[in-house]
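First the proteins, then the strands, lettered A, B, ... as listed; each starts at 1.
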There are 2 protein chains.
Amino acid sequence: MSEKVFVSAEEVARKAGVSRSAVSRAFTPGASVSEKTRIKVMEAAEELGYHVNHLARGLMRNESGIVSLIVSDVATPYRSALLRELTQQLQAAGKVAMLINTDRSDGSVDLALRQAIRYRADASIILSGLPDKSIAQLCLRSGQRLVLINRDDDQPGPLRINLDDREAAGRVVTAFLRAGCTRLAFANSQAGTPSLMAREQGFVAAAKAQGLDVIVERHGSTGYEAGQIVAQRMLTRKERPDAVFCATDLLACGFMDAARHQFSLSIPEQLCIAGFDDIEQASWTSYHLTTFAQPVVTIAREAVTWLVEGWEDAPDGHALTLHADLVWRGSVRGG
Amino acid sequence: MSEKVFVSAEEVARKAGVSRSAVSRAFTPGASVSEKTRIKVMEAAEELGYHVNHLARGLMRNESGIVSLIVSDVATPYRSALLRELTQQLQAAGKVAMLINTDRSDGSVDLALRQAIRYRADASIILSGLPDKSIAQLCLRSGQRLVLINRDDDQPGPLRINLDDREAAGRVVTAFLRAGCTRLAFANSQAGTPSLMAREQGFVAAAKAQGLDVIVERHGSTGYEAGQIVAQRMLTRKERPDAVFCATDLLACGFMDAARHQFSLSIPEQLCIAGFDDIEQASWTSYHLTTFAQPVVTIAREAVTWLVEGWEDAPDGHALTLHADLVWRGSVRGG
DNA sequence: GCAGCATTTGCACACGCTTGCAAAAGCGGA
DNA sequence: TCCGCTTTTGCAAGCGTGTGCAAATGCTGC
C-alpha cells in the first residue's frame with residue numbers, strides 16, 4: 001500500500017534540541033522531566049504533528065491499551081446500546097475499543113479471541129457466544145482479562161456479569177396474576193442462550209408454583225419476525241393465552257404487531273404482554289411495552305472498572321448478578 | 001496491572017529446533033520456508049499457544065492492520081447497521097476495526113483521529129462529525145487513508161461517499177403529487193448535517209418547481225421524540241399538511257405515532273409520510289413506512305475495497321455518489 | 001567557592017517482530 | 001564425486017518506544 005511516514009520521537013528530539021528519552025518522558029505522565037524541556041518538546045511535537053506510537057509503546061510497556069469487544073448482532077437495539085456505553089466508558093478510562101464482529105460462523109468467538117491475543121489486548125469483553133475453554137484459558141494464562149456479559153458460564157477466571165433473569169421472570173408472573181390473567185405463555189427464540197433460557201425456566205417455574213401451566217413456543221432467532229411467527233402460532237390455538245412474556249423486547253414488538261393487526265386484539269385489554277431489555281422502541285407510543293430494563297450503564301461500569309483497576313478481593317475472576325428493574329408501561333393491566 | 005506473559009517466537013523457535021526467522025516466515029504467507037519446517041513450527045506454536053504479536057509486526061511492516069471507525073450515536077438503527085456491515089467487511093479483508101465513540105464533546109472527532117494516529121491505523125472511516133482540516137491533512141500526510149461517509153465535505157484527499165439526497169427528495173415530491181397531496185411539509189432536526197440539509201433543500205426546490213410551498217419545521221436531534229414534537233407543531237397549524245417527508249426514519253416513526261395516537265389521523269388516507277434510511281423499524285407492521293434505503297452494504301464495500309486496494313485512477317481521493325432506492329410501503333398512497 | 005543533595009539528562013538495552021543478505025543445504029546431471 | 005543452480009536457513013540490523021543506571025546539572029547553605 002502507500003508508504004506511511006509518521007514522525008518519530010527522534011525527529012522531535014532533534015528539533016527540540018534534546019535527547020530522545022526526553023521526548024519519551026515528556027509524554028509519560030509522572031516521568032522525570034523539567035518543565036522547561038517538557039514545554040520545548042511539546043512545542044516541537046505540536047509543530048511536527050508528532051503522536052506517540054502506541055504500537056511501540058504497547059510493545060515496551062507490555063500493555064496495549066486495547067480492549068476487544070466480541071459481539072454478534074451489533075445492529076440490534078440492545079446490543080448497540082450496550083456497545084455505546086462500553087466504548088464510552090472504555091475511552092473515559094483511557095482504553096480503546098477493538099470491535100470484533102462474530103456474525104459469520106459459530107467458532108468465530110475463538111477466532112475473535114485469537115485476534116485479541118494477536119493485538120495483545122489488555123482485556124476482552126464477550127457479549128455473545130461462548131469461547132472454548134482452552135482458548136479462554138490461554139487468554140487468562142497470557143494475563144488477559146476476560147468479561148462475559150450475560151453468558152452465565154461457570155468457569156472461574158473471567159468476570160461474569162449476569163442479571164437476575166429467573167427472579168425477574170417470577171415478578172412477571174405475579175404481575176400477570178394481579179392483572180387477572182390465567183392462561184400464561186412464554187415466547188422465546190430458538191437461540192437457547194443461557195439468559196433466554198433462564199427467563200423461560202424462571203417463568204415456567206413461578207407459574208407452576210401458582211398451579212398454572214405455561215404455553216411455550218420457540219422459533220428462529222431473537223428478532224421481530226420471530227415474535228410475529230410465535231404470535232401466529234399461539235393465537236391460533238383453541239386455548240388462546242391472555243398473557244405473554246416475551247424473552248426479548250424485539251420478540252415482544254413482533255408479537256404485539258401480529259396480535260393487533262392480524263388478530264385485532266387490543267393490548268392490554270384482551271392480552272397482556274411483557275418484554276425484556278427495555279430497548280428504545282419499547283417506549284415508543286405504538287408499543288408502550290412493560291419490560292425489564294437492562295442496566296447497561298451499570299454493566300459497562302462494572303466491566304470497565306474491573307478491567308482497569310482489577311479487584312483485590314477476587315484476584316481470579318468474579319461473578320456479578322445485577323438487578324433488572326421492571327419498567328411499567330401500558331402493555332400489562334394494572335401496574 | 002497484571003504481568004502479561006505471552007509466548008514469543010523465540011520460544012517457539014527453541015521448541016521447534018529452528019531459528020527465530022523461520023518462525024516468522026512460517027507465519028508470513030508467501031515467505032520462503034520449506035514445508036517441513038513450516039509444519040514443525042506450526043505444531044510447536046499450536047502446542048505453546050503462540051500468536052504473532054501484531055503490535056510488533058505492525059511496527060516492522062509499517063502497517064498495523066487497524067482501521068478506525070469514528071462514530072457518534074452508535075446505538076441508532078442506521079448507524080449500527082452501517083457499523084455491522086463495515087466491521088464485517090473489514091474483517092473479511094483482513095483488517096480489524098477500532099471503534100471510537102464521539103458522543104461526548106464536539107471537538108472529539110479530532111481527538112478520535114489523534115487516537116487513530118497513535119495506533120498507526122491504516123485508515124479511518126468517519127461516520128459523523130467533520131475533522132478539522134489541519135488534522136485531516138496530518139492524517140493524509142502520514143499516509144493514512146480517510147473515508148467520509150455522508151459528510152459531503154469538499155476537501156481533496158479522503159474518499160467521500162454520499163447519496164443522491166437532493167434527487168431522492170425530488171422523487172418524494174412527485175410521489176406525493178401523484179398521491180394527490182397538495183400541502184407538503186418537511187420534518188427535520190436541528191442537527192444541520194449536510195445530508196439532512198440536502199434532503200430538505202432538494203424537497204423544497206422540487207416542490208417550488210411544481211409551484212408549491214413547503215412547511216418546514218426543525219427540532220432537536222435526529223430521533224423519535226423530535227419527530228413527535230415536530231408533528232405536534234405541524235398538525236396544530238390551521239393549514240394542516242397532508243404529506244410529510246421526514247429527514248430520517250426515526251423522525252418519521254415519531255411523527256407517525258403522534259399523528260395517529262394524538263391526532264387520530266389515519267395513514268396514508270389522511271396523511272402521507274415518507275422517511276429516509278430504511279431502518280429495520282420502517283418495515284415493522286406498525287409503521288410500514290415508505291422510505292429510501294441506505295445502500296449500507298455498497299457503502300461498506302466501496303469504503304473497504306478502496307482502503308485495502310487503493311485506486312490507481314484516483315491516487316488522491318475520490319468522491320462517490322450512490323443511489324438511494326425508494327422502498328414503497330404503505331405510508332404513501334399509490335405506489 | 002564548595003560540599004551535599006535532589007533533580008534532570010543521556011546512554012544503551014530491551015520489547016517481539018520482519019527482512020535483506022550471504023552462507024548452507026538440497027538437487028539434478030555429467 | 002563434483003559443479004551449477006535453486007531453495008532454505010540463520011545472522012543481524014532495524015522498527016519506535018520505555019526505563020535503569022550513571023553522569024551531569026541545578027540548588028541550598030555554609
Problem set entry | Member of A:Leu86, A:Thr87, A:Leu90 meeting the side-chain contact (heavy atoms from CB on, under 4.5 Å) criterion with B:Asn101 | A:Thr87
Exercise. 5'-most contact on DNA chain D: A:Asn53 or B:Ser32, nearest heavy atom basis?
Worked result: B:Ser32
Problem set entry | Interatomic distance, A:Ile100 atom CD1 to B:Gln88 atom CD [nearest 0.5 angstrom] | 13.0 Å
Problem set entry | Distance in Å, B:Leu55 CG paired with A:Ile66 CD1, rounded so as to fall on 0.5 Å steps | 6.0 Å
Seminar exercise, completed: For A:Phe27, the ring-ring contact (aromatic ring centres under 6.0 Å, His included) test, sequence neighbours excluded, returns A:Tyr50
Exercise. Who passes ring-ring contact (aromatic ring centres under 6.0 Å, His included) against B:His54, sequence neighbours left out?
Worked result: A:Tyr119
Would you please name every residue forming a side-chain contact (heavy atoms from CB on, under 4.5 Å) with [X], sequence neighbours left out?
X       : answer
B:Asp73 : B:Thr76, B:Arg79, B:Asp103
B:Met60 : none
A:Thr28 : A:Ser24, A:Ala31, A:Arg57, A:Arg61
A:Ala92 : none

Could you tell me whether the side chain of [Y] reaches within less than 4.5 Å of the side chain of [X], counting heavy atoms only?
X        : Y        : answer
B:Tyr78  : B:Thr222 : no
B:Pro158 : B:Leu140 : yes
A:Gln294 : A:Leu82  : no

Problem set entry | Heavy-atom pair of closest approach, residues B:Gln115 and A:Val96 | NE2-CB, 4.1 Å
Seminar exercise, completed: Taking five pairs at each terminus, the helix from C:dG1-D:dC30 to C:dA30-D:dT1 shows an axis bend, to 10°, of 30°
Exercise. For DNA chain C, which residues in residues 13-27 of chain B have a heavy atom at a distance below 4.0 Å?
Worked result: B:Ser21, B:Ser24, B:Arg25
Problem set entry | Sub-4.0 Å heavy-atom contacts from residues 33-50 of chain B onto DNA chain C, ordered by number | B:Tyr50
Exercise. Using a heavy-atom cut-off of 4.0 Å to chain B, what are the terminal contacting nucleotides of DNA chain D, in 5' to 3' order?
Worked result: D:dT8 to D:dG16
For this session: Select base, sugar-phosphate, or nothing to describe what B:Ser8 touches, counting heavy atoms under 4.0 Å on all strands.
Result: sugar-phosphate
Problem set entry | Residues which pass salt bridge (charged side-chain N to carboxylate O under 4.0 Å, His left out) with B:Lys15, listed by chain and number, not counting sequence neighbours | B:Glu47
Problem set entry | DNA chain C: 5'-most and 3'-most nucleotides touching chain A, 4.0 angstrom heavy-atom criterion | C:dT8 to C:dG16
Exercise. With the threshold set at 4.0 Å, does a side-chain nitrogen-carboxylate oxygen contact exist between A:Glu35 and A:Arg38?
Worked result: yes
